[in-house]
Structure formats: structure tokens, C-alpha cells
Visitor: 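There's a structure below that I have some questions on.
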Number of protein chains: 2
Amino acid sequence: MERKDIEEYFNVALATSLVIFGFDLDKLHILLKFNEEEPFKGAYILPSKYIKPDQSIDLNVKKLLISSIGSDDAYIEQLNASGKVFRNPLGRVLNIGHYGLVRFDPKETEKFKKQGLKWFAYDEIPDLAFDHNTIVDFAKERLKRRVKRRPVGFNLLPKEFTIAQLQSLYEEALNKSFDKRNFRKKIFNSKLLIDLEKSIETSSGKESKLYKFDEDKYAKMSSIGYDFLF
Amino acid sequence: MERKDIEEYFNVALATSLVIFGFDLDKLHILLKFNEEEPFKGAYILPSKYIKPDQSIDLNVKKLLISSIGSDDAYIEQLNASGKVFRNPLGRVLNIGHYGLVRFDPKETEKFKKQGLKWFAYDEIPDLAFDHNTIVDFAKERLKRRVKRRPVGFNLLPKEFTIAQLQSLYEEALNKSFDKRNFRKKIFNSKLLIDLEKSIETSSGKESKLYKFDEDKYAKMSSIGYDFLF
DNA sequence: GCAAAAGTGTTGGGGATACACCCATGG
DNA sequence: CCATGGGTGTATCCCCAACACTTTTGC
């Protein structure tokens with residue numbers, strides 16, 4: 001490649017953005033950030049971070065996760081790079097979207113607030129800066145597909161959870177409802193859950209049994225893929 | 001962002017690479033290019049092209065397709081961006097992989113040869129320059145998943161084809177074999193094929209019926225997705 | 001006593017799989 | 001006459017979908 005080409009081509013910046021999904025045992029949420037900087041100051045955006053030219057995408061994502069939610073304990077998957085030349089006044093920025101699944105901890109809401117981070121209901125995402133709404137839509141579609149084919153609750157639910165909670169997670173993500181009995185059958189057939197032989201009291205005052213995931217089985221099914229066909 | 005940051009970050013180049021699959025009615029192949037330039041002169045690579053900072057990814061891919069196979073009539077899908085900082089002596093180049101499905105035309109083999117392009121059998125891909133083997137593997141996995149869920153033959157088979165040809169395409173892509181009768185049942189149940197009411201003579205000397213895809217149905221099933229579950 | 005949520009079985013149908021033989025042709 | 005590949009039907013099984021009532025508890 002010629003000298004002039006180098007100048008012409010090596011003139012792009014990279015950034016990553018995260019669509020972080022959290023589940024509060026009732027609804028799915030997405031974590032958004034209030035943008036304090038130009039361009040698009042005052043708008044909400046996805047948590048994002050420029051990538052240094054000598055840094056890998058994954059490391060950048062890890063750092064971004066830690067600076068956003070305080071840990072990198074999340075299931076992360078890369079999405080497509082946004083193809084359009086988005087009009088960022090600074091120059092071309094290629095954004096590589098990711099989606100992440102994290103455990104929703106209501107206690108952290110206050111801490112998030114100080115950083116300008118806020119959970120928004122899955123179906124009430126405001127207009128975002130840049131092309132971030134497109135990335136969110138893409139992530140939602142991806143999540144739907146993943147939910148159908150792989151066990152997906154591990155990173156969204158607390159360690160111990162009830163079947164009803166698991167079911168409402170699926171119902172939220174796929175935006176439809178399931179018959180309780182059929183749902184239970186399917187889940188139990190998969191042998192994915194371990195009965196913890198204890199209960200918690202639920203909102204109705206009645207007791208409900210707790211389960212956890214069989215982590216080995218879960219890992220196997222996640223990597224191989226599985227035909228849940230919800 | 002500060003002036004110095006701009007210099008620091010806007011220092012990356014983008015490129016696209018294509019994993020082009022073709023099916024010669026017997027085996028799947030991938031189109032590779034003999035690399036005439038440094039770095040890695042003399043190695044095979046994926047057809048690749050730098051992206052100008054003001055050009056969209058898709059347009060770049062389209063141009064790359066046309067310059068490689070002489071047309072952009074292909075099914076194309078974006079893959080993940082390669083995450084590692086690959087040691088290209090010129091600087092950081094972020095490669096955005098794509099895979100494409102095209103009709104294999106044996107007549108074009110000669111024409112390809114002049115451009116240094118050559119079809120390699122799906123399971124006999126040599127060592128490639130850069131991280132292109134990783135991209136190939138990723139593309140193969142993606143193809144497998146697509147084949148299971150969506151009709152995929154349209155861009156790989158000739159306009160008119162026999163059931164046996166369709167079956168060997170599936171067998172190749174998924175690397176397993178199917179019962180003839182069950183395969184036919186499944187395909188006919190999908191109502192995806194139109195009987196052309198004519199035949200060709202096959203290698204065994206016997207006649208074989210020709211079919212084409214019902215394009216409307218095909219388009220619908222491609223976008224909605226479908227549980228073929230091969 | 002009533003609202004709210006937990007828990008539990010059965011049935012019918014459709015699609016997947018397994019499996020074997022006949023036919024036409026070219027050599 | 002035999003090797004090659006095209007074409008066809010049946011029986012079984014399993015998974016999915018549909019569907020309703022009882023129980024506990026708090027109010």
C-alpha cells in the first residue's frame with residue numbers, strides 16, 4: 001500500500017457500545033447512559049467507549065463493563081458493526097455493538113444514578129443519540145433468537161429462582177405467554193434445573209420452590225445449542 | 001474529545017473480507033485469492049478490500065464482490081469483526097468478515113484463475129494469511145446454523161435443480177447424511193419447491209425431475225425464519 | 001369468602017425417524 | 001446381468017399444544 005493510501009485509510013476510530021439487559025424478576029430492562037458530552041449532549045446513549053488502536057475489542061468491552069456495572073460478570077456477545085458512515089463531526093467512528101446479560105440488582109440503582117446510568121424498560125427505550133436505537137433493536141432480535149435456542153437465564157436471574165420467575169423471563173424476552181404446565185414440563189425435561197428443596201414466600205403469601213441451574217449441563221447446552229423451540 | 005485523543009484514536013483502518021461459498025452440485029467450495037502483495041505475499045487470503053473512511057461497509061462489500069466474481073448477485077451476511085489487534089505492519093486494521101453464497105459456475109474457473117482466485121474444497125482450506133482461517137471457521141459455523149433454520153439453497157444452486165442435488169447440498173453443509181425419503185417429505189411439506197414438470201438425464205443415465213424455488217415463499221421463510229431442524 | 005399465585009395430568013395430533021424395494025438406464 | 005441412482009409408503013414415537021381444578025395464604 002502506498003504512503004498516501006495509508007493516510008487515506010488509517011483515519012477511522014473504533015468504539016464499542018453495550019446493550020446491557022437486566023431482569024428485575026418482572027420486566028426486562030436495558031441500561032442507558034445520560035450523555036454528558038458533545039456531540040448529542042443531553043441525550044441518552046448506550047454505554048460506549050473508544051478503542052485504542054493497540055487494544056483488542058474484548059478487552060475494551062471488559063473495561064467498559066467494569067466501568068459501567070462494576071464487574072465483568074456477564075454473558076457478552078458481539079453484534080454486527082454498524083455499516084453506515086455515521087455523521088460524527090470528529091470523523092468516522094465504527095461502532096461495534098455488543099449485548100450483555102447481567103443480574104439485575106435493585107440495590108445498585110442508586111450507584112448507577114451517580115454515573116448517569118439508568119435502567120429503561122425493554123419496550124420503553126427513548127430516542128437515543130447516534131444510531132444507538134438501531135443497535136438496541138438488533139440486540140433485541142438477537143436476544144429473541146438466543147432465548148429460543150439456548151438456555152439464557154443464568155446471567156439474568158439470581159442464583160436461586162422460582163419457575164414462575166424463569167417463565168416470566170421467557171415471556172418478557174419473547175413477548176408472548178406460555179401455559180404454566182407445558183412450560184414446566186419443557187423445563188424439567190431439559191434436566192437443566194436442580195431442585196434446591198427449599199421455598200420462598202411469594203407476593204401471594206404462598207410458598208414457591210426454588211431452583212438453580214445445573215451449571216455443567218447449562219454450559220454444555222449453551223455451547224452446543226439446543227432446540228428449545230419456545 | 002480532545003485534539004490529542006483524536007490523533008490517538010483516529011488511526012485505524014477498516015477492511016472487509018469475504019468467505020464466498022459455492023456449490024458445484026457435489027461439494028461446497030470457498031473462493032480464495034493468491035496474495036500478490038506484502039504482507040504475506042504468496043499466501044492465500046480471503047478476497048479483501050480496505051474501506052475508505054467515507055464509504056459504507058455494504059458498498060465496500062458490493063464492490064469487492066463485483067471485482068471478485070463479476071457480479072453482486074449473492075446472499076451476504078456480516079460476521080463478527082475480528083477482535084484481536086492483528087499485527088499488520090501498516091497499523092491496526094479492523095477486519096469485518098462476511099460470508100456469501102453464490103452460484104458456482106464452472107465456466108468461470110478460467111476467468112477466476114487470471115485474477116488469482118481459486119475454489120478450494122470446503123474441508124481442504126489451506127493455511128491463510130492474517131487471521132483469515134478464523135474468519136473461515138466462523139463463516140462455516142454460521143452457514144451451518146443458517147442451513148438448519150432457513151432455506152439456503154437459492155443462491156447456491158442453479159435455477160433448476162433436482163432433489164438429489166438439494167439433498168447433497170444440505171449433506172455437505174451439515175456434514176451428515178439424510179434418508180432420501182424423509183428428506184423429500186420434509187422438503188415437499190415446506191411447499192418451497194415448484195415442480196417444473198421436466199427432467200434432465202443424470203449421470204446414471206436415468207431421468208430426474210427438476211424443481212425451482214417458489215421465490216415468494218422462499219423470501220418469506222428466509223426473513224421470518226423457519227424451523228427446518230435438519 | 002375471595003382474590004392471587006402455586007402446583008399438577010391427560011389427550012390428540014403432527015412431524016421426525018427408521019426402514020426396503022422396484023424401476024430405468026448404460027455398460 | 002449388474003451397477004447406479006431415482007423414486008416411493010408405512011409404522012412408531014416423541015414432543016407439542018390445549019385444556020381445568022385444587023390448594024394455600026393474606027386480606
Visitor: Please table the atom pairs, donor to acceptor, closer than 3.5 Å between any side-chain atom in residues 124-140 of chain B and protein atoms at least two apart or in another chain.
Guide:
| unit_1 | atom_1 | unit_2 | atom_2 | d |
| --- | --- | --- | --- | --- |
| Asp131(B) | OD2 | Ser82(B) | OG | 3.4 |
| His132(B) | ND1 | Leu46(B) | N | 3.0 |
| Asn133(B) | OD1 | Leu128(B) | N | 2.6 |
| Asn133(B) | ND2 | Pro126(B) | O | 3.1 |
| Thr134(B) | OG1 | Asp131(B) | O | 3.4 |
| Lys140(B) | NZ | Tyr122(B) | O | 2.7 |

Visitor: Between Phe230(B) (CZ) and dG15(C) (P), how many Å, whole number?
Guide: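 Distance check: Phe230(B) CZ to dG15(C) P gives 14 Å.
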
Visitor: Return the set of residues passing side-chain contact (heavy atoms from CB on, under 4.5 Å) with Asp26(B) (not counting sequence neighbours), or none when no residue passes.
Guide: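 Listed in chain order: Asp24(B).
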
Visitor: Without decimals, in angstroms, what is the distance between Phe161(A) CZ and dA6(C) P?
Guide: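 In whole Å, dA6(C) P and Phe161(A) CZ are 15 Å from each other.
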
Visitor: Parallel, tilted or perpendicular for Tyr44(B) and Phe120(B), by the 30°/60° rule?
Guide: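 Rings of Tyr44(B) and Phe120(B): perpendicular, as their planes differ by over 60°.
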
Visitor: I need a per-nucleotide contact map over nucleotides 19-27 of chain C, read 5' to 3'. Cutoff is protein heavy atoms under 4.0 Å; write B for the base, S for backbone only, - otherwise.
Guide: BB--BBBS-

Visitor: What's the CZ-P distance between Phe183(A) and dC15(D), to the nearest Å?
Guide: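 Spelled out: CZ on Phe183(A) to P on dC15(D) is 17 Å.
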
Visitor: Between Lys198(A) (NZ) and dA6(C) (P), how many Å, whole number?
Guide: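 Answer to the nearest Å: 18 Å.
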
Visitor: Under 30°, 30 to 60°, or over 60°: which ring-plane class applies to Phe112(A) and Trp119(A), parallel, tilted or perpendicular?
Guide: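 Tilted, since the angle between the ring planes falls between 30° and 60°.
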
Visitor: Could you check whether Phe161(A) and Tyr211(A) have their ring centres less than 6.0 Å apart?
Guide: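 Aromatic pair excluded; centres sit 6.0 Å or further apart.
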
Visitor: Provide, to the nearest angstrom, the distance between the CZ atom belonging to Phe188(A) and the C1' atom belonging to dT8(C).
Guide: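 Taking CZ of Phe188(A) and C1' of dT8(C), I get 11 Å after rounding.
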
Visitor: Rounded to the Å, how far apart are Glu171(B) CD and dG5(D) C1'?
Guide: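 From Glu171(B) CD to dG5(D) C1': 13 Å.
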
Visitor: Can you confirm whether Leu31(A) sits close enough to Leu18(A) that some side-chain heavy atom of one is under 4.5 Å from a side-chain heavy atom of the other?
Guide: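 No, side chains not in contact.
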
Visitor: Rounded to whole Å, please give me the gap between NZ in Lys186(B) and P in dG14(C).
Guide: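 It works out to 18 Å between those atoms.
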
Visitor: Between dA17(D) atom P and Arg184(A) atom CZ, what is the distance in whole Å?
Guide: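 Nearest whole value for this atom pair: 17 Å.
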
